[in-house]
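Quick notes on the structure that follows.
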Amino acid sequence: MINRNEYLEISKQIVACIGGMENIQGTAHCATRLRIVLQDNSLANIEKLEEIHKVKGAFIAGNQLQLIFGAGVVNDVYDVFAEYTHTQNMSLGDLKEQSNKKQNPVQAVIKSLSDVFIGIMPALLAAALLMGITSVLGGMEVVKTHDTLYAINRLVSLAATGIFAILPMAVCYSAVKRFGGNPVLGMVVGAIMLDSSLANAYQAAQGAVDPEIIRLFGLKIEMVGFQGGIIIALMMGWVVAKLDNFFNRKIPDVVKLLVAPMLTVFISTVLLFTIVGPVGRILSNGITDGLVWSTNHLGAFGYALFAGIQQIVVITGLHHIIGAVEAQLIAATGTNFLNPLMSVALMGQGGAVLGYLALNWKNVKAREICIPSFASTLFGISEPAIFGVNLRYRFPLIGGCIGGAAAGAYVYFSKLTALGFGTTALPGMAIANPANHGYINYIVAHVIALAIGFVATAIIGKMWTTVNKAETIEEETNSTDDGKKAEAKDVVESIFYAPAEGEVKSISESSDQTFSKKILGDGVVVFPENGFVMSPCNAKVKLVYPTGHAVGLETEDGTVILIHCGIDTVNMKGEGFEVFVKEGQQVAAGDMLVKFDKELVESKGYSSEILVVFTEVPTGNVLKINEQIPADRVIAEIEK
C-alpha cells in the first residue's frame, strides 16, 4: 500500500531543492531512479537532495537529474511526484545520458568503429556467403551449359556484389548515424563518393582513365571517385555528423530546414576532395600496403605471429578495430587473409580448453565450464573460453596461442583467404574463399589449431603441475599447523551464479556511477556475449519492470536481488526486450528471465552490461562477492 502522505512530503522536498515546479521540464523513472529534466540544472542542490528520506543518491548526468530510490520504491515515489508536479504525461524526449564518459579516447574510437559496422554486418555476411556460392557454381560445367542454372548463378553473383558496390555509401550512412548526425546526409555524401561522373578509382589507379582536373582557389583537385574508400567513408561520417549538428545549433529555425542540410552537404563535399579524401587515401593505402608487405616479406612467420597473439588482443578489446581493416582489405584486394587467421587463433583457444579439460576430467566443475566454453568457440565466440578457463589458469592461454600460431603458418602455405569478415569457426566456413581448395584447407587449418592447442596445453599443464597443485591446495583447503583441516566458521546458506555468458567483473567496473559506487548495494557486472539473461538462484519474482529491462528477485531467506539489463535502456521503452516471467512466479537457477537484443541496445548508444545487485541482505547474513569467478561461475555466496 502506497504511503501517499510520506511520498507527498518527499515530493515537496524534492521540488524545493530543484528550484520549484517551474524548473521542471519532464519526469520519468527507470527500475531504480526518478529522472527529472530541469530547465536549469544549476538550481538543483545535490547535497540537500541526498538528505531527503529514502533518497540513496543524487546526481546530474547529461540533462537529467537522477534520484536513486531503489527497485519498487521508485515506482511509488514517481506516481505521487508526477501527480504533485502535474507531469504525468510529460516525456524526457530524446535526451541521452553520456554513454561513454568513462572510456578513454582510444576505447571510444574502437567502440565507435565497431558500432559503425554493426548495422551493415548482416549485408556483408550475406554477400560473402553468396560470393562463396557463386564461386563454387561458376566452376561447374553443368551450370555454364544449363540456362536456368546459369541464370540462377548470374543472379546470385549480382546479389553478392551489390553491397560491395555501395559499401562506402553504407559505411558513411552508418557512421553519421553512430556519431549523432542525420544518416540520410551520410547517404548523400556516400553517393557523391561513388558518383558516375567521377573517374573510377580502380581504373584511375591502373592508368586506364584520365581524371578531370579542377582548380579551387589554385588548388589542383583530381575528380576521382572513392570506390573501396572504407576508411575515407568512416572519416566522412564523422565530418558530416559534426557539421550537421553544428549548423542545426547555429542556424535560425526559420531557415534551418533549407540551409543546414545544404551547407552540411556542400562543405562535406569540399572537405572530401581537398582534405579528407587525400589524407584518407594515404591512410588506406598505408594500411593495405602494410598488410600486403607483411604477407610478402614476413611470410609464414608473420601469419603465425598474428594468429598466435590475436586472442590476446581480444582480451584488451582492441580486436574491434580489425573489422574496418578487413573491410578496407577486401575493397582493395578482393579477399581477406586476416579472417582465417583470426578463426584459427580462436580454435587454438578451443583446443586449449579441451586440453585443460583432459587434465581435470575428474573435476565436475571443470567439465561444467569447459564443455560449454568449447562449444561456444565452434560458433566463433571465444570469450567464455578465454575468460572462463584459459586466462584464469594461464597455461591454457599459452597452449592455445601455440595452436593458433601453428595453424596460422598453415594458412600461409595453403593460401587460404576469405571473401568477407565478421564470422569465424564453423559459420566462417561459409565465407571461406573456395580458391586453392579453400574449403578443405579451412577444415585442415582448424583441425591443426585444435589439435596443437590441445597437445600444447596438456604438455605445459604437466610441467605446470607443481605450481598448479600449490595454488589448488591454497584455494581449496584451509589446513592447520598439525595438518588437520579447520572447521569453517561460516555456513554457506545460498549461492548465486552469473546470469549470463560473458566477462564478469566487480560492480565497481560498471559504467554507471549509481551501480559502480554500490549505492543500491554490492554485486557484479556482466559484459554479456548475448542477450539471454537467466536467474542466478532459486527465488520468487518480486518485480518485473514494464519495459522488461529489469527484474527483482527475492530468495527464501529474504535476500533481494535486482537484475538490470543495460544502462539507461529504460529509454528504449521495451523495444528489443522480451520477458519470460511474471511477478509472483517461482524460478529456479538457470531459468530464463529476459531476452534482449544486445546489438540493438548497443546500436542505440547504450551499454549492454548486465548488473546483479544485492539490494537487501537479511540481518545476520553475510554477503561475499567472489572477486575471482570460479569455474562454476558462482558470483556470490550468502553465509550465516
Side-chain angles (χ1 to χ4, degrees), residues 28-33 35 71-72 74-75 92 94 96-97 99-100 111 114-115 117-119 121-122 177-178 317 320 372 376 379-381 383-384 387 422 496-505 507 509-512 514-516 520 523-537 539 541-553 561-583 585 587-613 615 633 635:
H29 72 102
C30 60
T32 60
R33 290 167 251 179
R35 296 165 178 253
V74 70
N75 301 63
L92 292 178
D94 297 325
K96 291 184 178 180
E97 193 171 1
S99 60
N100 296 314
K111 178 66 166 58
S114 175
D115 291 344
F117 286 96
I118 288 175
M121 187 61 70
K177 182 178 180 180
R178 171 61 183 84
H320 291 296
S376 69
F379 296 94
I381 302 172
E383 281 79 0
F387 295 106
F496 304 87
Y497 299 91
E501 291 294 332
E503 183 182 5
V504 182
K505 291 187 177 182
I507 199 167
E509 299 294 320
S510 172
S511 62
D512 186 283
T514 299
F515 296 113
S516 65
L520 293 175
V524 300
V525 56
V526 182
F527 296 94
E529 298 166 2
N530 52 51
F532 298 101
V533 184
M534 314 295 181
S535 175
C537 60
V541 179
K542 186 177 181 181
L543 168 72
V544 177
Y545 199 75
T547 57
H549 75 288
V551 175
L553 303 175
I561 310 114
L562 172 66
I563 312 294
H564 197 287
C565 307
I567 302 299
D568 281 345
T569 44
V570 64
N571 295 332
M572 295 178 66
K573 300 179 180 179
E575 181 184 5
F577 286 82
E578 182 179 2
V579 179
F580 292 84
V581 294
K582 59 184 179 180
E583 293 181 10
Q585 178 180 339
V587 293
D591 285 354
M592 180 80 78
L593 298 178
V594 176
K595 177 184 176 184
F596 68 94
D597 190 331
K598 178 174 176 289
E599 288 72 25
L600 178 63
V601 168
E602 294 174 348
S603 70
K604 289 182 177 293
Y606 302 114
S607 170
S608 62
E609 62 195 72
I610 299 171
L611 289 305
V612 182
V613 188
T615 58
R633 304 277 286 177
I635 59 172

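Note that this is a predicted model, so its numbers are computed, not measured. We count residues from 1, following the sequence as given.
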Take L553 and K542, measure what side-chain contact (heavy atoms from CB on, under 4.5 Å) needs, and give me the verdict at the end. CA-CA 5 Å; L553 303 175; K542 186 177 181 181; over 6 Å; no

Would the distance check show the side chain of R633 and the main-chain N or O of P499 forming a donor-acceptor pair, the cut-off being under 3.5 Å? no

Start with the C-alpha distance between L611 and I567, add both sets of side-chain angles, then the distance that settles side-chain contact (heavy atoms from CB on, under 4.5 Å), and finish with yes or no. CA-CA 9 Å; L611 289 305; I567 302 299; 3.7 Å; yes

From I610 atom CD1 to S510 atom OG, the distance as rounded to the nearest 0.5 Å: 12.0 Å

Would you say the side chain of I635 lies within less than 4.5 Å of the side chain of V504, judging by non-hydrogen atoms? yes

Please examine the side chains of L543 and V551, heavy atoms only from C-beta on, and report whether any two atoms are closer than 4.5 Å. no

Can you name the closest pair of heavy atoms from F515 and L562 and give their distance? CE2-CD2, 4.4 Å

Verify side-chain contact (heavy atoms from CB on, under 4.5 Å) between L600 and M572, making sure each step is shown before the conclusion. CA-CA 10 Å; L600 178 63; M572 295 178 66; 3.9 Å; yes

Is the shortest heavy-atom distance from the side chain of F496 to the side chain of I561 under 4.5 Å? yes

Less than 4.0 angstrom from a charged side-chain N to a carboxylate O is my criterion; do D568 and K604 meet it? no

Taking the side chain as every heavy atom from C-beta outward, state whether I563 and P536 have any atom pair closer than 4.5 Å. yes

Just verifying a value: how many Å separate L593 CG and Q585 CD, rounded to the nearest 0.5 Å? 9.0 Å

How long is the span from the NE2 atom in H564 to the OH atom in Y545, to the nearest 0.5 Å? 8.5 Å

Value rounded to 0.5 Å, distance of OG in S511 from CZ in F527: 7.0 Å

Residues passing the salt bridge (Lys or Arg N to Asp or Glu O under 4.0 Å) test with E578, sequence neighbours excluded, are none

Partner residues of K598 under the side-chain contact (heavy atoms from CB on, under 4.5 Å) criterion, sequence neighbours left out: P528, F596, E602, S608

F532/E501 under side-chain contact (heavy atoms from CB on, under 4.5 Å): CA gap, chis, key distance, verdict: CA-CA 8 Å; F532 298 101; E501 291 294 332; over 6 Å; no

Atom of V544, atom of E583 and distance for their closest heavy-atom approach: N-OE2, 3.3 Å

If I compare all heavy atoms of V579 with all of G548, which pair ends up nearest, and what's the gap? CG2-CA, 3.4 Å

Going by the side chain to side chain contact (heavy atoms under 4.5 Å, CB included) test, name the single residue among T547, D597, V601 that passes it with F577. V601

